[in-house]
Asks: 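Before I ask anything, here is the structure I am working with.
Keep in mind that the numbers below use all heavy atoms, side chains included, and drop hydrogens, waters and symmetry copies. Below, read A as the first sequence line, B as the second, and so on, with proteins coming before strands; counting in each chain starts at 1.
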Amino acid sequence: MYRAPRGTADVLPEEQPYWRYVEGIARDVARRFGYGRLDTPVFESSGLFVRGVGQVTDIVEKEMYTFEDRGGDHVALRPEGTAPVCRAYLEHGMRNLPQPVRLFYFCPIFRYDRPQAGRYRQHHQFGVEAIGDADPSVDAEIIELAWRLMSDLGLKDLSLLVNSIGDANCRPAYLEQLRAHYAARIEYLCNDCKLRLERNPLRLLDCKQPACIEMAHEAPRTEEHLCPDCRNHWERLLGYLRGLDIPYRVEPRLVRGLDYYSRTVFEIQPPEEGGQTNICGGGRYDGLMEQLEGPPTPGIGFGAGMERIILNLKRQGVPPVEEAPLRAVVIHLGEAATERAVALASDLRSAGLGAVLAPAGRSLRAQLRYANSMNVPYALILGDDELSRGVVVFRDMSRAEQREVPLENAPTALTDACE
RNA sequence: GUGGGCGUGGCCAAGCUAGGUUUAAGGCGCCAGGUUGUGGCCCUGGAGAUCGAGGGUUCAAAUCCCUCCGCUCACCCCA
């Protein structure tokens, strides 16, 4: 028998309220901040991600779903959300729009990884990007948006971690210091970190090995090696966050796994529980547009994992919104009544009422049991007797009371009853 | 890529240590009946499993051995 591929999941009807809930609130928050929705293709040229995300990142090196299509083009299932948005910004000449351009998206993300709690090969992100303005007030706006999303969702006890990793001016010198610090202690490094020392020294800082954590503690801090412009940007951002009463924590060892980040990086973490630590991550990417062969254009944004948000909503007991509920089951006895019941159910739907037909050919008792299991407030019962008199039995399921109403008045009666 | 745990009807699961008494318990759910037209509780009945797959040991394997597959948790990485 076929199963859903490893690391993917069906979202069953009973799960949908959570998805609707998160989408609804995310959409509303995005709207209140003036963000417009952008949908991009589920696959892109592989090169977009190799150039944008970075050749030596795990995402590109070992997690991308890439393939050659029948025409010989090299494409990849989208492994992250920002590069496609930037591609679309460039492709559609959005620099001619008022800056910054504010965009949001919901999309599936694909990474070939060993699945575990809160981690999938196909997951979904809500993301926002503000492109075309380098001012730290935009950083604050993005972080505020993320923070407001979480609080509007009803999630509690979250932590906001922020850091600045500098820019092209100050990072090279910082990385040299970092390398020197670790090179002097190379014999104590874990094997992964020995590789990082050469290839991606920034990542030395967030190694989880105990010995490496210790070294990271004494390592030079990004925050203390910023050039004047980055320092000014950083301090203004923190000032704005304080003004917004957003409780941040500066985390000197916070770096991000994608190459394109510069200056501001941040994450939002749920309270400690087993499983994945961050439900939202983002930062500034002022160099990305140039990597994609566009004009220098600053940008900042974040991605938030839908599955992880929903996982935490469940852990915290936040109830999702009710969907438009079913109002009635239409019960019918006999061929003639069935024919009329089909029309009656249709009339109810035309009146905006959720209604389903009880399974045909079953006893009244069985159909009522069905109505009971559907958890509807009313059952409309139509048999030969009612049909001949032009009425329908209108039964209140919770009170176990019923009365007759003229067939043609059924939609109105049900509407009134549901108010 | 590395390591731990687990695989018995749609779901939860007993049985496996000491192989035969299992035609593989029980519960939920599903269908029917108990009321020839009245649900929820209760009662009765029914459908539904080649015990993850393949091989081996044995007179006999869900139970023991081997191989493979899958799920899951953690590392790594990230949302």
Asks: Is A:Ala379 touching bases, backbone alone, or none of the nucleic acid, heavy atoms closer than 4.0 Å?
Replies: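 Nothing: the residue A:Ala379, judged by heavy atoms under 4.0 Å, touches no strand.
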Asks: Which of these, A:Arg308, A:Glu23, A:Glu307, sits in a side chain to side chain donor-acceptor pair (under 3.5 Å) with A:His124?
Replies: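 For A:His124, the side chain to side chain donor-acceptor pair (under 3.5 Å) test succeeds with only one of A:Arg308, A:Glu23, A:Glu307, which is A:Glu307.
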Asks: Considering only NZ, NE, NH1 and NH2 on the basic side and carboxylate oxygens on the acidic side, decide whether A:Arg32 and A:Asp152 come within less than 4.0 Å.
Replies: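 Counted as a salt bridge, because a side-chain N and a carboxylate O are separated by less than 4.0 Å.
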Asks: Would you say the base of B:rG70 and the side-chain of A:Arg3 have a donor-acceptor pair closer than 3.5 Å?
Replies: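 Result: no qualifying N/O pair found.
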Asks: Which is true for A:Glu61 with a 4.0 Å heavy-atom rule: it touches a base, it touches only sugar-phosphate, or it touches nothing?
Replies: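 It contacts nothing in the nucleic acid.
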Asks: Taking the side chain of A:Ser373 as heavy atoms from C-beta outward, which of B:rG39, B:rC73, B:rC30 is closest to it?
Replies: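 Taking heavy atoms from C-beta onward, the closest nucleotide is B:rC30.
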Asks: Rounded to whole angstroms, how far apart are CZ on A:Phe266 and C1' on B:rC78?
Replies: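 Going from CZ in A:Phe266 over to C1' in B:rC78 covers 15 Å.
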Asks: When you match A:Ile268 and A:Tyr112 each to their closest nucleotide on RNA chain B, which lands nearer the 5' end?
Replies: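 Result: A:Tyr112.
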Asks: Going by the side chain to side chain contact (heavy atoms under 4.5 Å, CB included) test, name the single residue among A:Ile246, A:Leu238, A:Thr264 that passes it with A:Val162.
Replies: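 Exactly one candidate clears the test, A:Leu238.
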Asks: How many Å lie between CD on A:Glu63 and C1' on B:rC78, as a whole number?
Replies: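 Taking atom C1' of B:rC78 as the reference, CD of A:Glu63 is at 7 Å.
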Asks: Can you tell me the distance, in whole Å, between the CG atom of A:Leu364 and the P atom of B:rA32?
Replies: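 So the CG-P distance, A:Leu364 to B:rA32, works out to 12 Å.
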Asks: Can A:Arg78 be said to sit on top of A:Phe110's aromatic six-ring, NZ or CZ under 6.0 Å from centre and within 45° of the ring axis?
Replies: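 Ring-cation test returns no.
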Asks: Considering only side-chain heavy atoms of A:Thr277, which listed nucleotide, B:rA79, B:rG37, B:rC78, is closest?
Replies: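 Shortest atom-to-atom distance from the side chain points to B:rC78.
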Asks: Give a yes/no on whether any side-chain N or O of A:Arg114 is located under 4.0 angstrom from OP1 or OP2 of B:rC71.
Replies: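 No, A:Arg114 has no side-chain N/O under 4.0 Å of OP1/OP2 on B:rC71.
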Asks: Whom does B:rC31 pair with, Watson-Crick or G-U wobble, provided both distances fall under 3.5 Å?
Replies: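 Here B:rC31 is engaged in a pair, and the nucleotide opposite it is B:rG45.
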Asks: Starting at the 5' end of RNA chain B, which residue's closest nucleotide do you reach first, A:Tyr370 or A:Gln125?
Replies: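 Counting from the 5' end, the first nearest nucleotide belongs to A:Tyr370.
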Asks: Write down the distance between CG (A:Leu161) and C1' (B:rC78), rounded to a whole number of angstrom.
Replies: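 Distance check: A:Leu161 CG to B:rC78 C1' gives 15 Å.
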Asks: Here's a test for you: under side chain to side chain contact (heavy atoms under 4.5 Å, CB included), which of A:Leu145, A:Ile143, A:Ile268 qualifies with A:Phe302?
Replies: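 Single pass found, and it is A:Leu145.
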Asks: How many Å lie between CD on A:Glu401 and P on B:rG39, as a whole number?
Replies: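 About 16 Å, once rounded to whole Å.
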Asks: Looking at A:Arg365, does any N or O in its side chain come under 4.0 Å of the phosphate oxygens OP1/OP2 on B:rG39?
Replies: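 Answer is yes, contact under 4.0 Å.
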Asks: Report which part of the nucleic acid A:Gly118 touches: base, sugar-phosphate, or nothing (heavy-atom distance under 4.0 Å, all strands).
Replies: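 Counting heavy atoms under 4.0 Å across all strands, the contact made by A:Gly118 includes a base.
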Asks: Which part of the nucleic acid does A:Ile331 contact within heavy-atom distance under 4.0 Å: base, sugar-phosphate only, or nothing?
Replies: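 Result for A:Ile331 = nothing.
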Asks: If pairing requires Watson-Crick or G-U wobble contacts with both distances under 3.5 Å, which nucleotide is the partner of B:rC6?
Replies: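 Base-paired to B:rG70.
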Asks: Strictly by Watson-Crick or wobble contacts shorter than 3.5 Å, is anything paired with B:rG40, and which nucleotide is it?
Replies: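 Partner of B:rG40: none found under 3.5 Å.
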Asks: To check you understand the geometry: which heavy-atom pair defines the closest contact between A:Ala26 and A:Leu149, and what is its length?
Replies: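 Result for this residue pair: CA-CD1, 3.6 Å.
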Asks: Nearest to the side chain of A:Arg362, which nucleotide is it out of B:rC31, B:rG40, B:rU38?
Replies: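 Shortest atom-to-atom distance from the side chain points to B:rC31.
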Asks: B:rC75 phosphate, OP1 or OP2: any side-chain N/O from A:Gln116 under 4.0 angstrom?
Replies: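 The answer is yes; a side-chain N or O of A:Gln116 sits under 4.0 Å from OP1 or OP2.
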Asks: Does A:Ser363 place a side-chain N or O at less than 4.0 Å from the phosphate oxygens OP1/OP2 of B:rG33?
Replies: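 So the side chain of A:Ser363 is within the cut-off, an N or O lying under 4.0 Å from OP1 or OP2 of B:rG33.
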Asks: When we call it a touch if two heavy atoms are under 4.0 Å apart, what does A:Tyr120 touch: a base, just sugar-phosphate, or nothing?
Replies: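 Answer is base: heavy atoms of A:Tyr120 come under 4.0 Å of a base.
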Asks: Does B:rC75 pair with anything, Watson-Crick or G-U wobble, both distances under 3.5 Å, and if so, with which nucleotide?
Replies: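 When the pairing criteria are applied, B:rG1 turns out to be the nucleotide that pairs with B:rC75.
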Asks: Is it the case that B:rU38 (base atoms only) and A:Gln367 (side chain only) share a donor and an acceptor within less than 3.5 Å, ignoring hydrogens and angles?
Replies: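 No pair found.
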Asks: Counting side-chain heavy atoms from C-beta on, which of B:rG37, B:rC30, B:rG40 comes nearest to A:Asp385?
Replies: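 Of the options given, the side chain of A:Asp385 lies nearest B:rG37.
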Asks: Roughly how many Å is it from CD in A:Glu80 to C1' in B:rA79, rounded to a whole number?
Replies: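 Distance check: A:Glu80 CD to B:rA79 C1' gives 11 Å.
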Asks: Mind calculating the distance between CE (A:Met374) and C1' (B:rG39) to the nearest angstrom?
Replies: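 For the pair A:Met374 CE and B:rG39 C1', the rounded distance is 13 Å.
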Asks: Can you say whether a donor on the side chain of A:Gln402 sits under 3.5 Å from an acceptor on the base of B:rG39, or the other way round?
Replies: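 Not at all, since no donor on one side and acceptor on the other fall under 3.5 Å apart.
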Asks: Does the base of B:rC30 carry an N or O that pairs as donor and acceptor with the side chain of A:Arg369 under 3.5 Å?
Replies: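 No pair found.
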Asks: Could you state the atom-to-atom distance from CD of A:Gln269 to P of B:rA79 in whole Å?
Replies: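 Nearest whole value for this atom pair: 12 Å.
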Asks: Does a nitrogen or oxygen in the side chain of A:Arg6 sit under 4.0 Å from OP1 or OP2 of B:rC71?
Replies: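 Yes, within the criterion.
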Asks: Quick one: closest heavy-atom pair of A:Thr222 and A:Pro252, and the distance?
Replies: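 Nearest pair, atom of A:Thr222 first, then A:Pro252: OG1-O, 3.9 Å.
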